[in-house]
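Positions are given from 1, in the same order as the sequence printed here. Because the structure is a prediction, the values reported are computed rather than measured. Start at 1 and go down the list; that is how both ligands and their atoms are numbered.
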Amino acid sequence: MRIPIRDVTPNTVYAEIIGWVHEVRDLGGLTFFLIRDRTGIIQVTVSKKKAASSVIEAARDISRESVVRVAGGVRAIDKAPGGREISPDEIEVISEAGSPLPLDVVEKVPAEMDTRIDARFMDVRKPRVSAIFFVRNAAMHAISDFLFTRGFINITTPKIVAAATEGGTELFPIAYFEKEAFLNQSPQLYKQMMMAAGFEKVFEIGPIFRAEEHNTTRHLNEATSIDIEVSFADHNDVMEILEEIIAAVYRNVADTCGEPLAHLGIDPDVPKTPFPRITYAEALEIANRRVEEDIRFGDDLGTAAEKAIGDEMGEHYFITDWPTAIKPYYAMPYEHDPEISKAFDLMHPRMELASGAQRVHQHNLLVRQIRSKGLSPESFEFYLKPFRYGMPPHAGWGLGAERLVMTMLDLGNIREAVLFPRDRHRITP
Ligand code: ATP
Ligand code: MG
């Protein structure tokens, strides 16, 4: 029976493994193979003097990245990876890899991002690349564990929609029979409707589609959003959930991803909670002090400002109390100063990770705010209706999964954190 390569130890007597041929080195009398599966790498040594002729025959022209089955005695050997090797008495090529390979898995020459994504299946065979996705898996596991444990209900909302969440032009139109339809940019309106349905705490982890023309290292046209919405809660309550979830993710990655982190050569510190909170006005003050720009109240924080503030803060932090004018209509304005709203962004020193707010739950105020954004309440009737029949106060946020992984692992490009990136120029593979 095949066993995972990690489970073959220097004390194992006999092992049968199946994996990909990572490297072949022919030293005349001895041929060394490194065989890899998702759990690790093992050396297989064929001695032309000692091995059976069937083994020598099979070993002769095994190409790199073929899938092979190897069975044989195991012995401890200091110099080999994991301190053990197999001396095979059986080798079988199960699936041969053609040559040349589309990509070098052993990566003596680092390939361009485009070449890598074109042959992503093979790129992900690199332990340093699969490590990113094992970490992402641990992060997503921690998030759903955290939310299920606290009584959140997992929901799935439609991605084919008739109206924009926030208006604007960032929507992909799709051919939907005789109707106009779009890919949804956010589950926002639907998760809020589930507050009217009485679900109290919901979460959704799913795709969001943004037709922004940008082609940056931190934007995708299809991203994964982790969204929550909570009834009888305000912006402070959901900020606490957010910082706790970030810490839980880092803890789970530290606890379960020793090997992937070693491949990546990184050991992220678990961020301390609570995260510092600064208001938008304070953020402006920092940005204006540190960069040669005159950002006025009501301006968006550009990339340079975000970086300057991030440099000063040096850790995860929240920006709170945003001008109502630059946050979406569903963000709740303060009663004492409606120019400012109970909206927040969670920031990593490098970039924004999440946006959230206490929401407007009063129908008439919501209609006014939709109008003040130049949008028409009529096109939001399906969303507004629940607000007329008992909508509890509520708050929530959306957190980008790729940016979370990217910042945790200090990746230079968000495309590293997604298996099959969708950007301005790419819709395959
Ligand atoms: P930015 O200003 O950085 O473009 P945003 O404010 O438009 O982001 P939101 O609509 O607030 O984004 O979405 C919430 C979160 O979802 C963001 O903080 C981010 O982590 C993630 N996100 C949004 N758009 C993208 C995208 N195009 N690519 C990757 N992640 C995204
Ligand atoms: Mg945002």
Side-chain angles (χ1 to χ4, degrees), residues 136 139-140 143 159 164-172 183-192 203-229 235 238-239 242-243 245-246 249 275 280 283 287 295 299-307 309-310 316-331 341-357 359 373 395-408 411-426:
R136 179 174 167 141
M140 300 316 271
I143 286 169
K159 304 308 157 206
T165 309
E166 296 175 25
T169 53
E170 284 140 27
L171 287 169
F172 288 110
L183 292 176
N184 208 1
Q185 63 191 150
S186 156
Q188 181 65 30
L189 307 187
Y190 291 91
K191 61 181 183 165
Q192 284 192 264
F203 80 101
E204 174 163 12
I205 299 174
I208 55 170
F209 303 93
R210 306 272 169 119
E212 297 155 89
E213 300 261 334
H214 49 57
N215 207 7
T216 77
T217 53
R218 60 199 172 103
H219 287 96
L220 295 161
N221 291 109
E222 177 175 352
T224 306
S225 183
I226 301 146
D227 265 274
I228 75 159
E229 204 63 34
H235 51 304
V238 293
M239 278 194 273
L242 184 48
E243 63 199 356
I245 219 167
I246 299 288
V249 163
F275 299 161
Y280 166 86
I295 314 166
D299 290 347
D300 244 321
L301 300 175
T303 316
E306 257 179 36
K307 190 179 174 305
I309 305 160
H316 289 84
Y317 64 101
F318 285 105
I319 304 178
T320 64
D321 298 3
W322 285 77
T324 305
I326 55 170
K327 281 292 176 185
Y329 57 81
Y330 48 77
S341 58
K342 300 182 184 178
F344 60 85
D345 278 4
L346 169 67
M347 308 296 297
H348 178 276
R350 286 176 67 196
M351 73 191 79
E352 176 191 318
L353 295 184
S355 285
R359 321 298 189 185
K373 300 281 175 191
W397 43 253
L399 163 68
E402 290 81 15
R403 289 196 189 170
L404 175 62
V405 173
M406 175 187 185
T407 50
M408 178 164 46
L411 306 173
N413 189 329
I414 195 167
R415 290 162 184 75
E416 296 271 6
V418 59
L419 285 171
F420 299 103
R422 291 291 176 261
D423 64 29
R424 188 76 178 79
H425 304 292
R426 182 182 284 281

Between [X] and [Y] (side chain of the first, backbone of the second, donor and acceptor by atom type, cut-off under 3.5 Å), is there such a pair?
X      : Y      : result
Arg403 : Glu352 : yes
Lys191 : Ile228 : yes
Trp397 : Met239 : no

Looking only at protein heavy atoms, which one is nearest to [atom], and what is the separation?
atom                    : answer
atom 22 (N) of ligand 1 : Ile208 CD1, 4.2 Å
atom 21 (C) of ligand 1 : Gly400 CA, 3.7 Å
atom 25 (C) of ligand 1 : Arg403 NH2, 4.3 Å

Could you check if a side-chain atom of [X] sits within less than 4.5 angstrom of a side-chain atom of [Y], using non-hydrogen atoms only?
X      : Y      : answer
Glu402 : Arg136 : yes
Glu243 : His316 : no
Phe318 : Met347 : no
Tyr317 : Leu346 : no
Glu229 : Glu204 : no
Leu171 : Asn184 : no

Show me which atoms of ligand 1 lie under 4.0 Å from any heavy atom of [X].
X      : value
Ser355 : 11 (O)
Ala354 : 18 (O)
Ile414 : 29 (C)

> With sequence neighbours excluded, what pairs up with Tyr280 under the ring pair (Phe, Tyr, Trp, His ring centres under 6.0 Å) test?
Replying inline: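 With sequence neighbours excluded, Tyr280 shows a ring pair (Phe, Tyr, Trp, His ring centres under 6.0 Å) to Phe297, Trp322, given in chain and number order.
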Please say whether [X] places an N or O atom under 3.5 Å from an N or O atom belonging to ligand 1.
X      : result
Leu220 : yes
His219 : yes
Leu399 : no
Leu353 : yes

>> Under 4.0 Å, counting heavy atoms only: does Gly398 come that close to any atom of ligand 1?
In response: yes
> Touching ligand 1 at all, Asp345? Heavy atoms, strictly under 4.0 Å?
Replying inline: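 No, that is not the case, since the closest heavy atom of the residue is not under 4.0 Å from the ligand.
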>> Side chains of Arg415 and Thr217 only: does a donor on one sit below 3.5 Å from an acceptor on the other?
In response: no
> If hydrogens are left out, which of Met347, Arg210, Glu352 has an atom nearest to atom 17 (C) of ligand 1, that is, the closest non-hydrogen atom?
Replying inline: Glu352
> Which pair of non-hydrogen atoms, one from Phe209 and one from Lys159, has the smallest distance, and what is that distance?
Replying inline: CE1-CB, 4.2 Å
>> Could you check whether Lys327 pairs with Asp300 (Lys NZ or Arg NE/NH1/NH2 to Asp/Glu carboxylate O, under 4.0 Å)?
In response: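 No salt bridge links Lys327 with Asp300.
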> Between Ala223 and ligand 1, which part of the residue brings a heavy atom under 4.0 Å of the ligand: side chain, backbone, both or neither?
Replying inline: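 Ala223 to ligand 1: side-chain contact only, backbone stays beyond 4.0 Å.
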> Under 2.8 Å from the Mg ion (ligand 2), which protein N/O/S atoms are there?
Replying inline: Glu352 OE2, Ser355 OG
